[in-house]
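Counting begins at 1 with the first residue of the sequence. Worth saying up front: this structure is predicted, and the values here are computed from it rather than measured.
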Amino acid sequence: GDYDVSVISSVERPGGLMEGVPVALVEAMAAGTVVVATDSGSVGELIDATTGVLVPHSNPRELAGGLARVARDPALRARLRAAARARVERDFDGARTSARLRALIEGATEFADPGYSREESETCLEGA
């Protein structure tokens with residue numbers, strides 16, 4: 001369906017329990033949805049002032065303020081949608097991510113045990 005805003009309201013718990021980068025957040029950005037999210041765990045690595053509205057976690061007043069801000073500013077919503085979509089296309093594209101992973105794996109084979117052959121590496125990476 002079509003949504004105007006996606007809200008990711010994460011919290012941090014004692015003992016270091018917190019959100020990583022939520023897949024739902026990446027999917028919302030890819031769909032071109034404006035994102036209002038709480039700054040918990042790794043969420044701030046994905047959302048910044050250009051790609052969404054980031055508010056302190058465990059603060060309902062700030063979350064409501066972020067929602068009100070995007071609700072009253074159509075130009076802001078348009079900028080955030082475009083920037084969020086571009087960020088996901090740039091940093092989460094499957095082909096690019098696979099190519100970067102392959103390069104990392106191939107670079108790591110330099111340090112492999114002497115019994116590990118380059119041919120085995122290439123066989124494993126076929127189709128990546």
Side-chain angles (χ1 to χ4, degrees):
D2 293 329
Y3 300 93
D4 293 322
V5 177
S6 292
V7 179
I8 306 292
S9 180
S10 303
V11 297
E12 294 184 12
R13 299 281 186 216
L17 184 61
M18 66 185 79
E19 192 85 64
V21 174
V23 172
L25 181 57
V26 177
E27 291 171 344
M29 294 168 69
T33 303
V34 174
V35 174
V36 177
T38 54
D39 190 9
S40 172
S42 299
V43 173
E45 294 176 26
L46 184 60
I47 297 294
D48 62 25
T50 65
T51 57
V53 175
L54 193 62
V55 300
H57 70 85
S58 304
N59 191 326
R61 187 174 305 255
E62 289 288 330
L63 185 60
L67 287 166
R69 183 173 157 221
V70 298
R72 68 176 169 257
D73 192 341
L76 173 64
R77 290 193 306 272
R79 283 193 311 274
L80 293 176
R81 277 188 191 102
R85 173 79 184 189
R87 170 81 196 276
V88 171
E89 287 176 355
R90 183 186 71 234
D91 295 342
F92 293 90
D93 175 75
R96 287 190 197 123
T97 302
S98 295
R100 285 194 300 249
L101 179 58
R102 182 183 181 126
L104 288 170
I105 292 170
E106 287 177 342
T109 60
E110 298 174 27
F111 305 103
D113 293 333
Y116 188 86
S117 73
R118 176 93 176 149
E119 292 76 30
E120 289 172 320
S121 167
E122 290 171 359
T123 301
C124 292
L125 294 172
E126 286 179 8

Enquirer: Between R87 and M29, what is the shortest heavy-atom contact and its length?
Expert: CG-CE, 4.2 Å

Enquirer: Identify whether V35 and V53 are in the same connected component of the hydrophobic contact network (ILVMFWY, side-chain heavy atoms under 4.5 Å).
Expert: no

Enquirer: Find the distance between CG (L67) and CZ (R72) and round it off to the nearest 0.5 Å.
Expert: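 Atom-to-atom, L67:CG and R72:CZ are 11.0 Å apart.
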
Enquirer: Is it true that, when you exclude R90 itself, more than 12 heavy atoms of the residues, nucleotides or ligands shown sit nearer than 6.0 Å to its CZ?
Expert: yes

Enquirer: Should V7 and V43 be regarded as members of a common hydrophobic cluster, given that ILVMFWY residues are connected when their side-chain heavy atoms come within less than 4.5 Å of each other, either directly or indirectly?
Expert: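 In one cluster with V7: V43, no.
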
Enquirer: Return yes when atom CZ of R69 has more than 12 non-hydrogen atoms of other residues, nucleotides or ligands closer than 6.0 Å, and no otherwise.
Expert: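 Incorrect, the count does not exceed 12.
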
Enquirer: If you round to the nearest 0.5 Å, how far is OG1 of T97 from CZ of R102?
Expert: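 With rounding to 0.5 Å, CZ (R102) is 15.0 Å from OG1 (T97).
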
Enquirer: Which heavy atom in V88 sits nearest to a heavy atom in A30, and how many Å separate them?
Expert: CG1-CB, 3.7 Å

Enquirer: Please report the shortest heavy-atom distance between H57 and S40, naming the atom on each side.
Expert: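 What the structure gives for the nearest pair is CB-CB, 4.1 Å.
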
Enquirer: Starting from the C-alpha separation in whole Å, work towards a yes-or-no answer on side chain to side chain contact (heavy atoms under 4.5 Å, CB included) for V70 and L76.
Expert: CA-CA 7 Å; V70 298; L76 173 64; 4.1 Å; yes

Enquirer: Could you tell me whether the side chain of R77 and the main chain of A71 form a donor-acceptor pair under 3.5 Å?
Expert: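 Between the backbone of A71 and the side chain of R77 there is a qualifying donor-acceptor contact (under 3.5 Å).
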
Enquirer: Let me confirm one number: the CG-CG distance from D39 to N59, rounded to the nearest 0.5 Å.
Expert: 11.5 Å

Enquirer: So among I47, D48, T38, which one has a side-chain contact (heavy atoms from CB on, under 4.5 Å) with L54?
Expert: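 Testing each of I47, D48, T38 against L54, the sole residue satisfying side-chain contact (heavy atoms from CB on, under 4.5 Å) is I47.
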
Enquirer: Answer whether the closest heavy-atom distance between the side chains of R81 and D4 falls below 4.5 Å.
Expert: yes

Enquirer: Evaluate the side chain to side chain contact (heavy atoms under 4.5 Å, CB included) criterion for residues L63 and V36: first the C-alpha distance (whole Å), next the side-chain angles of each, then the deciding distance (0.1 Å), finally the verdict.
Expert: CA-CA 8 Å; L63 185 60; V36 177; 3.8 Å; yes

Enquirer: Is it possible for you to say whether L80 and V5 belong to one hydrophobic cluster, with membership spreading through side-chain heavy-atom contacts below 4.5 Å?
Expert: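 Yes, L80 connects to V5 through the hydrophobic network.
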
Enquirer: Taking I8 as the starting point, is it possible to reach V34 by hopping between hydrophobic residues whose side chains are less than 4.5 Å apart?
Expert: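 No; tracing contacts between hydrophobic side chains, which count when under 4.5 Å, never links both residues.
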
